[in-house]
Amino acid sequence: MSQQRTGPTDGPDFPDLPEATVARLPEYLRALHHLAEEGHDTVSSEGLAAAAGVNSAKLRKDLSHLGRTGTRGVGYDVTLLIDQIEQVLGLTHRRAVALVGVGNLGHALAGYAGFGNRGFRIAALFDADLGRVGEHINGLVVRHIDELPEVVQEESIAIAVIATPAHAAQNVADRLVAAGVTSVLNFAPCVLNVPEGVDVRKVDLAIELQILSFHEHRKSALTGLPVVQEPGRVGQDLQRANRLGGEAVGS
């Protein structure tokens, strides 16, 4: 998709970036902020790559899309690179975010101070539960979901977080889109159907754990070590093995 390119002469301000590069830029930004806090003025590609958890060739290719090649023998200027990545990610001002669903997860997200350091502010909290409406969380009052359209307009909110149960998520997404929200971060364990032009990112903790379980299972298979099981499961498996063994003897 072609996008307008504007900005300084040493590199495009809004380049057409591969999705994989976009996904890694926040990691570079996190590492750069940490380096700046430690007093570093410059960083080599190898040093930044190690801090971000990628290989240096991939990092250099990613940053070349921004027009940054670094200076031989010096590396990258930390402050300038922070500014450019924040510019590309649209973090030059704190973006207002709406959070829908203030159960256990939503409550924790509403109180997370790290959003402010990353360029975002939770501007509004919503829930359909009348028992939660009016609750104060981190300086904000929980509003009823019916107030969504007017608050989205008042706060100029384009990004929203859904932290509701799965059965309510699609309805919430529909209401967010109708109110003018165009980007959604979905914590509900379901797939959302949204119109073209609305971006959805899904965070499913159970899926991430299942992926880690696969890697543990594979490591066990490669090393020949037994898979660690829950005590109850071990007993069930032993009973099943004994039953199958008895059936085999009797056949």
Side-chain angles (χ1 to χ4, degrees), residues 1-99 109 112-123 155-161 180-187 194-204 208 211:
M1 180 174 65
S2 66
Q3 297 166 327
Q4 183 178 1
R5 296 169 184 259
T6 60
T9 57
D10 62 344
D13 182 49
F14 202 88
D16 240 345
L17 298 177
E19 284 297 320
T21 296
V22 175
R24 287 188 289 268
L25 287 181
E27 293 296 335
Y28 302 152
L29 188 59
R30 174 194 56 78
L32 286 164
H33 276 298
H34 183 67
L35 289 165
E37 290 168 1
E38 292 187 334
H40 295 277
D41 295 323
T42 60
V43 61
S44 65
S45 58
E46 290 78 11
L48 181 54
V54 302
N55 66 64
S56 57
K58 184 176 294 183
L59 177 136
R60 285 192 293 269
K61 183 176 181 180
D62 287 340
L63 296 186
S64 70
H65 289 296
L66 309 183
R68 290 291 179 191
T69 58
T71 302
R72 183 177 297 275
V74 177
Y76 298 99
D77 184 299
V78 170
T79 299
L80 288 178
L81 193 51
I82 286 175
D83 289 344
Q84 186 161 20
I85 293 177
E86 288 184 343
Q87 181 74 27
V88 170
L89 293 177
L91 301 177
T92 53
H93 63 280
R94 295 176 71 192
R95 290 188 176 273
V97 177
L99 171 62
L109 292 172
Y112 176 55
F115 290 131
N117 298 330
R118 299 295 183 91
F120 303 92
R121 65 180 180 90
I122 302 296
E155 296 287 345
S156 299
I157 294 172
I159 301 175
V161 177
V181 169
T182 52
S183 293
V184 175
L185 180 62
N186 180 32
F187 280 90
V194 297
E196 185 176 352
V198 176
D199 294 302
V200 175
R201 299 282 296 181
K202 183 180 178 183
V203 180
D204 192 320
E208 298 303 323
I211 293 171

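Nearest heavy atom pair, residue Val181 against residue Ala158, reads CG1-O, 3.3 Å. Asp77 and Leu80 make their closest contact through OD1-N, 3.0 Å (heavy atoms, listed as atom of the first residue, atom of the second, distance). When all heavy atoms of Asn55 and Ala49 are compared, the pair lying nearest together is C-CB, 3.8 Å. Nearest heavy-atom pair, Ala52 versus Ala31, reported as atom, atom and distance to 0.1 Å: N-CB, 4.2 Å.
Between the CG atom in Leu89 and the CZ atom in Arg118 there is a gap of 11.0 Å [rounded to 0.5 Å]. Interatomic distance, CG of Leu81 versus OG1 of Thr42, reported as 11.5 Å (0.5 Å rounding). Annotation: the span from Arg95 atom CZ to Ser183 atom OG amounts to 8.0 Å, rounded to 0.5 Å. Leu91 CG to Asp83 CG: the interatomic distance, rounded to the nearest 0.5 Å, is 11.5 Å. How far CD1 of Ile157 is from CD1 of Ile122: 9.0 Å, rounded to the nearest 0.5 Å.
Ser45 is linked by a side-chain hydrogen bond (donor to acceptor under 3.5 Å, both in side chains) to Arg60, counting only residues two or more places apart in sequence or in another chain. Residues passing the side chain to side chain contact (heavy atoms under 4.5 Å, CB included) test with Asp204 are Pro189, Lys202, Ala206, Ile207, sequence neighbours excluded. A search for side-chain hydrogen bond (donor to acceptor under 3.5 Å, both in side chains) contacts involving Arg121 returns Glu155, not counting sequence neighbours. For the ring pair (Phe, Tyr, Trp, His ring centres under 6.0 Å) test, residues two or more places apart in sequence or in another chain that qualify with Phe115 are Tyr112.
Residues Asn186 and Val203 have side chains not in contact (no heavy-atom distance under 4.5 Å, counting atoms from C-beta outward). Between Thr182 and Asp199 the shortest side-chain heavy-atom distance does not fall below 4.5 Å. Between Leu48 and Leu59, the closest side-chain pair of non-hydrogen atoms falls below 4.5 Å. For the pair Leu63 and Tyr76, the minimum side-chain heavy-atom distance is below 4.5 Å.
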_Assess the residue pair Leu185 and Ile159 against the criterion (side-chain contact (heavy atoms from CB on, under 4.5 Å)); give the C-alpha distance rounded to whole Å, side-chain angles, the decisive distance to 0.1 Å, and a yes or no._
CA-CA 8 Å; Leu185 180 62; Ile159 301 175; 5.8 Å; no
*Going through the checks in order, is the side-chain contact (heavy atoms from CB on, under 4.5 Å) test met by Thr79 and Asp41?*
CA-CA 7 Å; Thr79 299; Asp41 295 323; 5.9 Å; no
Side-chain donor/acceptor pairs under 3.5 Å, residues 17-30, sequence neighbours excluded:
{"unit_1": "Thr21", "atom_1": "OG1", "unit_2": "Asp62", "atom_2": "OD1", "d": "2.8"}
{"unit_1": "Arg24", "atom_1": "NE", "unit_2": "Asp62", "atom_2": "OD2", "d": "2.6"}
{"unit_1": "Arg24", "atom_1": "NH2", "unit_2": "Asp62", "atom_2": "OD1", "d": "3.1"}
{"unit_1": "Arg24", "atom_1": "NH2", "unit_2": "Asp62", "atom_2": "OD2", "d": "3.4"}
{"unit_1": "Glu27", "atom_1": "OE1", "unit_2": "Arg30", "atom_2": "NE", "d": "3.2"}
{"unit_1": "Glu27", "atom_1": "OE1", "unit_2": "Arg30", "atom_2": "NH2", "d": "3.2"}
{"unit_1": "Tyr28", "atom_1": "OH", "unit_2": "Asp62", "atom_2": "OD2", "d": "2.5"}
{"unit_1": "Arg30", "atom_1": "NH2", "unit_2": "Ala51", "atom_2": "O", "d": "3.3"}

For residues 32-40, which side-chain N or O atoms pair as donor and acceptor with protein atoms under 3.5 Å away, sequence neighbours left out?
{"unit_1": "His33", "atom_1": "NE2", "unit_2": "Glu86", "atom_2": "OE2", "d": "3.0"}
{"unit_1": "His34", "atom_1": "NE2", "unit_2": "Glu38", "atom_2": "OE2", "d": "3.1"}

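With hydrogens and angles ignored, the 3.5 Å screen pairs no side-chain donor or acceptor of Glu46 with any backbone N or O of Ser56.
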